[in-house]
Number of protein chains: 2
Amino acid sequence: MTAHGEGERDEAGQPADVPSGSGSPAESIAVPAARERARAIPEAAVARLAVYLRVLSGLEERGTGTVSSEELAAFAGVNSAKLRKDLSYIGSYGTRGVGYDVAVLIGQIERTLGLTKKHRVAVAGIGNLGHALANYGGFLNRGFPVAALFDLDPDLLDVPVGGIPVSSVDDIVEVCREREVTIGVIATPTEGAQDVCDRLVEGGVVCILNFAPVVLQVPEHVEVRKVDLAVEMQILSFHVARRNQEAMVVPGVAGTDAGPPGGGANGNGNSDSAPERGDVDGMVVRP
Amino acid sequence: MTAHGEGERDEAGQPADVPSGSGSPAESIAVPAARERARAIPEAAVARLAVYLRVLSGLEERGTGTVSSEELAAFAGVNSAKLRKDLSYIGSYGTRGVGYDVAVLIGQIERTLGLTKKHRVAVAGIGNLGHALANYGGFLNRGFPVAALFDLDPDLLDVPVGGIPVSSVDDIVEVCREREVTIGVIATPTEGAQDVCDRLVEGGVVCILNFAPVVLQVPEHVEVRKVDLAVEMQILSFHVARRNQEAMVVPGVAGTDAGPPGGGANGNGNSDSAPERGDVDGMVVRP
DNA sequence: AGATGTGAAGCATTTCACAGCT
DNA sequence: AGCTGTGAAATGCTTCACATCT
């Protein structure tokens, strides 16, 4: 996806014509230049950098000082060429003949991902999923302090969850502005999602992680990512079906000869880039 | 995502030589043919088909009989050319000059995704996230009945969650075989994930949805998808950082002139294909 | 007219393979 | 010798634009 160069990218970039300047269209530097905005790091690489970061943190804890691209790639489940290319986007921090200094690399990736600045997070929809997000201290806290929780249910109001009292969705705008929230997580059911989203945006949130199975409408300066469990399940279903079909063609192994045969182990990952996700029906937990 | 053509794909396909037939290597149709196994539908398209399906279900409920590619695309947040190409992978079920019959299309997408066969699901790790998954009836039930729950915590054993009693992780293999579970969801903390995964596989599970921030090692016949919230957050963080940087270059709009300006609304989606995900640290909820 | 289905062009990402530093 | 960093080739996905069918 779980992800990549999804179509709808704001292709247009900026309006072709200069907004204010009325005059002669002719020779300005303009038109093609609009497109030259170097998007630097490929979207797909950004997602992997986050993975490398986790692996590197683990290595650092275990006192490892340096790693080769080969080793790091193995831990992250990618191949080494891809890893080196990904790292090359953020600069040259390796030492030829040696490898990468773990601490240095961690620092550089954090810088690139903007993790030096702590982004305050608000979670809307304190059902099971919301609880899961708010409760586990170690989760969001590594750079993403949860600063506010919102729900409709009056029974939840002011009850602290993971140390933070739940506020009313009516106060989203106000609270988000006060606490300078920049990232919003929507864990509400489908119905409330767009409304909550609008409020978060009005409250100054610029990035949204959406668990509700709807395509949110947002102004273009807002970035949305979607996580849709039902879609993930359906993708898995597709692969089971495909596998079964293939098995049908090649008779060979039929029975339920259980157990991992050779025990071969391959790295894994979401084998794709899942742009939009949705689901057949409400899947998210209670408001 | 999310889901497709990730590098590590089992390139090799089937063994180059015909499994059984020993004889002369010479003129068989073989060698290049191995590679010709049409992988048919692009992984990225599969993820979107699931989204179209959700939208179509909504339309059907509201009694809509037909839709044009333009309309359907708008609801799904993609452009119509992409939608038509995606649908073309599963066959020609539209009517030129008219559009698509909603019911027919639903049927065809369900068939393609293998949703006609109900896949039984097991959830391991009944913390907040596990509860979220197990509880909400409407979630997995649309084609994915939850057939088993597993946890380490003795206090949870036999306590029914969403109608299903929790079993011990020690019984994973046995229970999964008995209940013919084909899809496993891992919502445990990092530590237990690989162990649980091994057991699920031994119990006959062929697809795994993994919420733990580790790259699971699995035999190659098993498909794994990963959902990693920390990675999602970090990707968002990256975008905030990039945006701020750009804003720095182009002085223009500085202040906190809140509120959605024009109110422009663009469809959204995960702007990329995130193959592997991971996270800086434990993020998943309690076991 | 109106909308689908699809070759072909256009981009993006991945992989190869090797020059170049330590 | 070993391993990084990176052009260039290969692959895959998206968008265009139009022939084709109703």
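Letters A, B, ... are given to chains in the order of the sequence lines, protein chains preceding strands, and every chain is numbered from 1. Quick caveat, the model's predicted, so the values are computed rather than measured.
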Whichever of A:R84 and A:G97 has the more 5' nearest nucleotide on DNA chain C, that residue is A:R84

Does the [X] side chain pair with the main chain of [Y], one donor and one acceptor, at a distance under 3.5 Å?
X      : Y      : answer
A:S237 : A:M233 : no
A:S68  : A:E71  : yes
A:N79  : A:L83  : no

Do A:Y93 and A:D101 have a side chain donor and acceptor closer than 3.5 Å?
no

Does any non-hydrogen side-chain atom of B:L105 lie less than 4.5 Å from one of B:L87?
yes

Calculate the interatomic distance between [X] atom [atom1] and [N] atom [atom2]; express it in whole Å.
X      : N      : atom1 : atom2 : answer
B:L83  : D:dC16 : CG    : C1'   : 16 Å
A:E43  : D:dT14 : CD    : P     : 14 Å
B:Y93  : C:dA3  : OH    : C1'   : 19 Å
B:Y52  : C:dT4  : OH    : P     : 13 Å
A:N79  : D:dT4  : CG    : P     : 13 Å
B:D86  : C:dT4  : CG    : C1'   : 14 Å
A:L105 : D:dT4  : CG    : P     : 11 Å
A:L87  : C:dT14 : CG    : P     : 14 Å

If you pin B:V98 and A:G91 to their nearest nucleotides in DNA chain D, which one's is more 5'?
A:G91

Could you tell me whether the phosphate oxygens of [N], OP1 or OP2, come under 4.0 Å of any side-chain nitrogen or oxygen in [X]?
X     : N      : result
A:Y89 : C:dT13 : no
A:R48 : C:dT13 : no
A:S69 : D:dT4  : yes

Give the nucleotide from the list [options] with an atom nearest to the side chain of [X].
X     : options               : result
B:A44 : D:dC13, D:dG7, D:dC21 : D:dC13
B:S68 : C:dG5, D:dT6, C:dA3   : C:dA3
A:R96 : D:dG5, D:dC13, C:dA8  : D:dG5

